[in-house]
Amino acid sequence: MVPLQKRDQFDNLEKHTQWGIEYLEKYTKFVKERSEIETSYAKQIRNLSKKYQPKKNSREEEESKYTFCRAFLTTLNELNDYAGQHEVIAENLTSQIISELSRYLAELKAERKSHFHDGRKAQQHVESSWKQLESSKRRFERDCKEADRAQQYFEKMDADINVTKADVEKRSSHKARQQAQMRHQMAADSKSDYSTYLQKFNQEQNEHYFTVIPNIFQKLQEMEEKRIERIGVCMKTFADVDRQVLPIVGKCLDGMTKAAESIEPKTDSQQVVESYKSGFEPPGDVEFEDYGQAMKRTASETSLSRETKEKPVSKSKGKLWPFIKNKNKLSLKLGSGPEDFSHLPPEQRRKKLQGKLDDLNKDIQKEMDQRDALTKMKDVYVKNPQMGDPASVDPRLSEIGQNIEKLQFEVQKFEGWLAEVEERMPSKSDTHRRSGLYETQNNTTVSNNCAQDRESPDGSYTEEQNSETQVKANINPVPNTNPVPTSTTPEFDDEFDDEETLPTIGTCKALYPFEGHNEGTIAVAEGELLYVIEEDKGDGWTRVRRNEEEEGYVPTSYVEVFLETNAKGEW
């Protein structure tokens, strides 16, 4: 019955080792899911970094000059590298744990199958030997009983007094003796077989329980210990895979910290100052206007009187910024800015012109370097004709010479504009600038005023734009019952005095404040309601009226116009 007890132990071991394999498979699945999470996380981090990368447009150049924008860009790049480390984690988990465990699981299943096959085979062998022993034992028992019965029968036949000797011999006495002897021999043989099988079984049973089965159990134990050891190694690797990337992750985080520490608020705010600094001088004091005198003054007269008194025309910075914002809209409406950057404030214009000159000089230097290199090559060809034809270099030299001439002409042109804007910076007197302006107006015909000269018609940035107002007045003359000759100096006030009062065609609301320093313009406050008397003719200006005596032009982009239905039909 002991073999059956051992069989029960094999069943228990089979269940336990199968559970161990299933546990290892569960751990492998856990690591695989962790790897997938790392891959997905890395992908999301990369997409996040890509999403917030600056777009390839003009705004990118604007942002790159601010330290906080550069710091954020550095953070995005470091975050992208950080995502790469999580991809490394996923790759190492797959190669160092998942792949290794998958291969080991296949080997473990095969080894387990082999050990239990050997155990079942040994169990079957000892059970077969036990059955042979039991069979020989039963046969020996049966033969002994048969021999005993045969002996008893012989003795009974031999002791019967009623039977004569002749009858005994005649009957079966002799035969009974032989039968008894044969049975005794058979019992003796069965005893010998039983003894042999018993000795054999005891030997095999001893070997089974003290050698074969312990060896199999030892192998199963070693197999189980290797499995547990392997899962422990994998758990350690699971942590080491993370630990290996920590130095690089730390560098990424250090890079983000360093980028944050590189932010300089004062530098960024100074960049804003430099970007929007106009170069205009602050406005002078507003003069007292005596309305007690018997004379009429219009808003345009007041503006003209202020401008003719050698006081710089400028605006406060607070009102200049929204003005620049809308002038950009106006520039987009009329087309790209003029080549001489006359649509910009003096200081910004000077910076643009200087930057353009620097670029042109760099281009000239490149062309000159190419010319020098080709000249040296030509000299080599002249001295060594076998290396090349000197005449083959001449077309390229001629082309470079033409390019240099064109670039030098451009340099002269921009240097002239730069000298002009530097002369007209606030350090110069306003009167000097205006005298030059009026000479320009007198010597310039209407046909020479192209679209770019009207980039900023209000003349707030450059004085040349005052000629735009004069040109506009010549192109779109106001109906006048008593026309008067146009003087060399624009006198919109005189024209307004003689003009016929125009009917209103709608209303408008000022979106931004406009000071209206130039001739023919009118100052408005933000949110002010005015009457529209002349719609924009395509030059970016709308004519409005405040009351019977105050009217003039305001930039169309500064107001929201509401035309009357019948007026739209008329115009």
Side-chain angles (χ1 to χ4, degrees), residues 296-304 313 315-316 318-337 343 451-461 465-466 468-481 490 492-493 495-571:
K296 295 181 179 180
R297 290 184 177 274
T298 63
S300 60
E301 286 176 329
T302 304
S303 300
L304 180 59
V313 180
K315 302 177 182 179
S316 65
K319 293 186 178 181
L320 180 59
W321 290 354
F323 184 73
I324 291 176
K325 175 182 177 182
N326 286 275
K327 293 312 292 182
N328 289 338
K329 294 181 180 179
L330 186 60
S331 298
L332 292 174
K333 176 181 177 182
L334 299 177
S336 59
H343 62 297
Q452 72 174 16
D453 296 326
R454 298 202 309 272
E455 196 66 34
S456 299
D458 60 78
S460 298
Y461 291 152
Q465 294 162 354
N466 289 332
E468 160 68 19
T469 309
Q470 177 67 28
V471 172
K472 177 175 62 62
N474 293 336
I475 296 176
N476 299 317
V478 179
N480 195 341
T481 55
F492 281 89
D493 297 326
E495 290 181 7
F496 279 21
D497 290 341
D498 297 334
E499 281 179 1
E500 188 179 277
T501 303
L502 296 175
T504 60
I505 61 172
T507 59
C508 66
K509 179 182 179 181
L511 302 175
Y512 308 100
F514 178 66
E515 297 186 8
H517 286 313
N518 294 85
E519 299 85 352
T521 62
I522 182 172
V524 296
E526 182 179 352
E528 185 177 358
L529 296 176
L530 302 145
Y531 294 101
V532 178
I533 58 176
E534 188 176 7
E535 194 179 359
D536 187 350
K537 299 295 186 180
D539 56 4
W541 293 88
T542 299
R543 191 170 177 180
V544 300
R545 177 186 296 139
R546 179 179 287 110
N547 51 46
E548 293 181 359
E549 296 181 353
E550 291 186 84
E551 63 180 49
Y553 289 90
V554 295
T556 304
S557 59
Y558 272 47
V559 295
E560 184 177 7
V561 178
F562 307 93
L563 294 179
E564 298 173 0
T565 306
N566 58 352
K568 290 183 179 180
E570 292 175 4
W571 289 84

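- Take Glu526 and apply the side-chain contact (heavy atoms from CB on, under 4.5 Å) test, not counting sequence neighbours, and it matches Pro513.
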> Step by step, would you call Trp541 with Thr521 a side-chain contact (heavy atoms from CB on, under 4.5 Å)?
Replying inline: CA-CA 9 Å; Trp541 293 88; Thr521 62; 4.0 Å; yes
>> Before you tell me yes or no, could you show the steps for Val524 and Leu530 under side-chain contact (heavy atoms from CB on, under 4.5 Å), namely the whole-Å CA-CA distance, both residues' side-chain angles and the distance that decides it to 0.1 Å?
In response: CA-CA 9 Å; Val524 296; Leu530 302 145; 3.3 Å; yes
> When you look at Val561 and Glu535, which way does the side-chain contact (heavy atoms from CB on, under 4.5 Å) test go after all the steps?
Replying inline: CA-CA 9 Å; Val561 178; Glu535 194 179 359; 5.9 Å; no
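- Contact detail for Ala510 and Ala525: the closest heavy-atom pair is CB-O, 3.2 Å.
- Rounded to the nearest 0.5 Å, atoms OH (Tyr531) and CG (Leu502) are 15.5 Å apart.
- Donor-acceptor pairing under 3.5 Å is recorded for the side chains of Tyr553 and Glu534.
- Inter-residue side-chain proximity for Glu550 and Ile522 is flagged as met; some heavy-atom pair is nearer than 4.5 Å.
- Legend: residues meeting salt bridge (charged side-chain N to carboxylate O under 4.0 Å, His left out) with Glu528, ordered by chain and number and at least two apart, are Arg546.
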> Passes side-chain contact (heavy atoms from CB on, under 4.5 Å), Val532 versus Leu563? Steps please.
Replying inline: CA-CA 8 Å; Val532 178; Leu563 294 179; 4.2 Å; yes
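- With rounding to the nearest 0.5 Å, the separation of CD1 in Ile533 from CZ in Arg543 is 4.5 Å.
- The shortest distance between side-chain heavy atoms of Cys508 and Val544 falls below 4.5 Å.
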